[in-house]
Amino acid sequence: MDFDPDYYRDLKQAQLIGQNKRAGIWKNMQAEDQGKNKSEIKDFDGKVVEIHSGDSLTIERDNDFETVRVFLATVKAPVLQKKDTTDGAEPYAWESKETLRKMSIGKKVRVEMEYAKTTQAGLTMNFASIFMQKNDKNISVSLLEKGLLATNVMKNGENVSKYLEDLLAAEKKASNGK
């Protein structure tokens, strides 16, 4: 029996949701199994001061006024400009960045750190779920609903946002609306 790739993706996403909720066979899953790549930065409140792309921004923390660059967890924005080509940006790359800018620049946000990745160059990328303080809306969900981001779940199941269900529902809402 052949299964299409979407079927396997749905199964993997269901597994990740179960693991995050520690449901069923994952109820005894150890915290260290889930938090291998935990960010060293604690959750914080702050103000958005810079937008780098549709999924990356810099936030000034309220408590010490230090700036922190974060990436939106478990989502991917279109690339603004591809290297080694003259084609320029992927479709909707500028719209994604501009929508994020209009939505958040200068605004107060609540940042929930999710995980971190270290690049081959040794740089640490911190990933977070970011919520507007005004209405407690997840920024990633808002952009997904507009079709300006895509969920990005790793095949090995690591580094998944605890809000995966909301992200997937928003992405499905956008794809059904097209």
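Values in this document were obtained by computation on a predicted structure and should not be read as measured data.
When all heavy atoms of E90 and P78 are compared, the pair lying nearest together is OE1-CA, 3.3 Å. When every heavy atom of I51 is checked against every heavy atom of R101, the shortest pair comes out as CG1-CA, 3.7 Å. Across R110 and Q133, no two heavy atoms sit closer than the pair N-CG, 4.0 Å. Across every non-hydrogen atom of K146 and T99, the tightest pair is CD-CG2, 4.0 Å. The shortest non-hydrogen separation linking L148 to S96 is O-OG, 3.2 Å.
Here CG of L149 is found 5.0 Å from CG of L144. Values are rounded to the nearest 0.5 Å. Rounding to the nearest 0.5 angstrom, the gap separating the NZ atom in K76 from the OG atom in S140 is 13.0 Å.
Residues that satisfy the side chain to side chain contact (heavy atoms under 4.5 Å, CB included) test with R61, not counting sequence neighbours, are I41, F44, N63, D64, E66, V68. With sequence neighbours excluded, the residues satisfying side chain to side chain contact (heavy atoms under 4.5 Å, CB included) with T119 are A121, L123, M125. Partners of A116 by side chain to side chain contact (heavy atoms under 4.5 Å, CB included), not counting sequence neighbours, listed by chain and number: S39, T124, N126. Remark: K137 engages E145 in a salt bridge (Lys or Arg N to Asp or Glu O under 4.0 Å) (not counting sequence neighbours). The salt bridge (Lys or Arg N to Asp or Glu O under 4.0 Å) search around K162 returns E112, not counting sequence neighbours.
In this structure, I130 is a member of the same hydrophobic cluster as I105, with clusters built from ILVMFWY side-chain heavy atoms closer than 4.5 Å. F131 and I139 sit in two unconnected hydrophobic clusters of ILVMFWY residues. Membership requires side-chain heavy atoms under 4.5 Å apart, directly or through other members. Hydrophobic clustering (ILVMFWY, side-chain heavy atoms < 4.5 Å, transitive): Y163 and M113 are in distinct clusters.
Identified under the salt bridge (charged side-chain N to carboxylate O under 4.0 Å, His left out) test for residues 39-52, with sequence neighbours left out: none.
With no hydrogens or angles considered, no side-chain donor-acceptor pair links E60 and T67 at under 3.5 Å.
Taking 4.5 Å as the limit, every side-chain heavy atom of N138 sits out of range of all side-chain heavy atoms of D166.
Comment: D55 does not engage K97 in a salt bridge, judged by the lack of any side-chain N to carboxylate O separation of less than 4.0 angstrom.
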Chi angles and distances behind the side chain to side chain donor-acceptor pair (under 3.5 Å) call for T151, E171: CA-CA 7 Å; T151 55; E171 184 177 47; 2.6 Å; yes

Step-by-step ring pair (Phe, Tyr, Trp, His ring centres under 6.0 Å) determination, Y115 to F71: CA-CA 10 Å; Y115 54 90; F71 295 83; over 10 Å; no

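The main-chain N or O of H52 is never found under 3.5 Å from a side-chain atom of S56 such that the two would form a donor-acceptor pair.
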